[in-house]
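What follows is one structure encoded as structure tokens, with my remarks underneath.
Letters go in sequence order (proteins before strands), and every chain restarts at 1. Small disclaimer: the values here were computed from a predicted structure and weren't measured.
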There are 2 protein chains.
Amino acid sequence: MKTRERILHTSQLLFNEEGEPNVTTVDISNEMEISPGNLYYHFKGKEAIIEALFARFEVTLSDILRAPLEKELSVEDSWFYLYVVFEEIYNFRFFYQNLTNLLHRYDSINRKYKRLMELKTRTAHALLSEVANHGILSIEDEELNQLCESITLLLTYWLTYCDLKGQQLGPPAAIHQGVFQIVHLVAPYLSDEYGHIYRECKALYQAATAELGH
Amino acid sequence: MKTRERILHTSQLLFNEEGEPNVTTVDISNEMEISPGNLYYHFKGKEAIIEALFARFEVTLSDILRAPLEKELSVEDSWFYLYVVFEEIYNFRFFYQNLTNLLHRYDSINRKYKRLMELKTRTAHALLSEVANHGILSIEDEELNQLCESITLLLTYWLTYCDLKGQQLGPPAAIHQGVFQIVHLVAPYLSDEYGHIYRECKALYQAATAELGH
DNA sequence: GTCTATATTAGGATAGAC
DNA sequence: GTCTATCCTAATATAGAC
């Protein structure tokens, strides 16, 4: 792996583990066993590293979020889809653990992030309207909007919130719970004849929870 | 006001406005028009100030959260009660905007905060079970637990999330929306004969939104 | 209690040799 | 591309006069 790439890789790792504010350029170069001078040859500084990492995150996450806007998903796929979104957020959790501050410091990231956030809501809206059109969900327009907002908030902060609770959940368990938490937001709107979908989810959830063990 | 008190007051103000990491001891003393030396006479440093502010926050918020555990609230009071909780969180929003980091830095705060968070969930649980016992809400135990978790998350992050969206909502509007967002989480579980409660809330919400302008 | 002046440190950043 | 050595700055913190 080229040095530039290794810097990004190591930074992402350390940021996620220690929290971005607690990682210095020297920490990064120590971890990589290169000199700080070398790091500065490849990047103007920590800011540039963060911007590069965010650029990557933006590309992959917005691709993920746009997919269901173009091609319809089945109900089962929608459910699996949530895992994919959470997974990607998990990979850049350092970013979410420090959102307010980062967006305050970097105006460029701020603008891009806002678009991502809107895209999250838009995707949730598209997925749910579709399910509603199939008669699986029965929900009014205004309730749908509020629901999508809650889903976006939950997607944004669930993993951070799990961290806060500090019940040493492994990442798969935390993600798994997050998915189910979202399912729970949607479940009350399932049409009567589709209540079984929720019950199946629940069974799956409990099985998987048992498997992830403790 | 004594100097010690003014330091706490000014710090809280600046932290909320600029974000705690962006405020230095010198900023605080400048704002107060005292010397940095003087500030250090009263507090060992920024850490001590933050700890003192958190101690206050803990006392007032845990009092608020414990109130409904002792004395039953009417449905209308529960609704108003949410405003009180949000208001208190708003007063210490600097804390919430930097949660992960602060809890990572101060172990003492970490422990106390976890208790607060559990208390939030516990209070939500108590309020909702009561309403459920009156037959107003119809909800299973497991759904209730998940709902309370979502409410805690929303309480914790709603104001931060509004900030992120950066649609220049004034604080009253943001709080107002937060309250309604929570109402929306609960609404689907209202028993049929109590659907009117939600419709009344909605009418109130729309009236108030109009009043708050935008 | 408050000030001025100064010390300490850590993090970010560069210059110049190899 | 990489290293060593060094600099700059901002933030924290203290000493000692008033």
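Remark: side-chain polar atoms of B:K120 are not paired, donor with acceptor, to backbone N or O of B:E149 under 3.5 angstrom.
For B:I50 and D:dT12, the CD1 to C1' distance is 13 Å, given to the nearest whole Å. Note: CG (B:L39) to P (C:dG1) measures 14 Å, nearest angstrom. The distance between atom CZ of B:R6 and atom C1' of C:dG1, rounded to the nearest whole Å, is 12 Å. What separates CD1 of A:I7 from C1' of D:dG1 is a distance of 11 Å, to the nearest Å. Atom CD1 of A:I28 is separated from atom P of C:dG12 by 8 Å (rounded to the nearest Å). Atom CZ of B:F43 is separated from atom C1' of C:dG1 by 14 Å (rounded to the nearest Å). Here the C1' atom of nucleotide D:dT2 and the NE2 atom of A:H42 are 8 Å apart, to the nearest Å. Between the CD atom of A:E33 and the P atom of D:dC3 there is a distance of 10 Å, given to the nearest Å.
Residue A:T24 is classed as a sugar-phosphate contact, given heavy-atom separations below 4.0 Å to backbone atoms only. No engagement by A:V26 is indicated, since no non-hydrogen atom pair under 4.0 Å with the nucleic acid exists. Contacts of B:T25 with the nucleic acid, taken as non-hydrogen atoms under 4.0 Å apart, involve only primed sugar atoms and P, OP1 or OP2. Contact annotation for A:G37: base contact, defined as any heavy-atom pair under 4.0 Å involving a base atom.
Closest to the B:S35 side chain, of the nucleotides C:dC3, C:dG1, D:dC3, is C:dC3. The listed nucleotides are D:dT12, D:dG1, C:dT2; the one nearest the side chain of A:Y41 is D:dG1.
Between B:E20 and B:K46 there is a side-chain heavy-atom pair separated by less than 4.5 Å. Residues A:L116 and A:S62 are in side-chain contact: their nearest non-hydrogen atoms beyond the backbone lie under 4.5 Å apart.
Residue A:Y40 places at least one side-chain N or O under 4.0 Å from the OP1 or OP2 atom of C:dA13. The side chain of A:T3 contributes an N or O atom lying less than 4.0 Å from OP1 or OP2 of D:dT2. Applying the 4.0 Å criterion to OP1 and OP2 of C:dG1, one finds that B:N38 has every side-chain N and O outside that range.
Both B:P36 and B:K2 lie near DNA chain C, and the one whose nearest nucleotide falls closer to the 5' end is B:K2. Between A:E47 and B:I34, the one whose closest nucleotide on DNA chain C sits nearer the 5' end is B:I34.
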| Should A:K165 and B:E118 be marked as a salt bridge (charged side-chain N to carboxylate O under 4.0 Å, His left out) after you check the CA-CA gap, both sets of side-chain angles, and the distance that decides it? | CA-CA 9 Å; A:K165 289 201 291 182; B:E118 284 156 18; over 6 Å; no
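Using cut-offs of 30° and 60° on the angle between ring planes, the pair B:Y198 and B:H184 is perpendicular.
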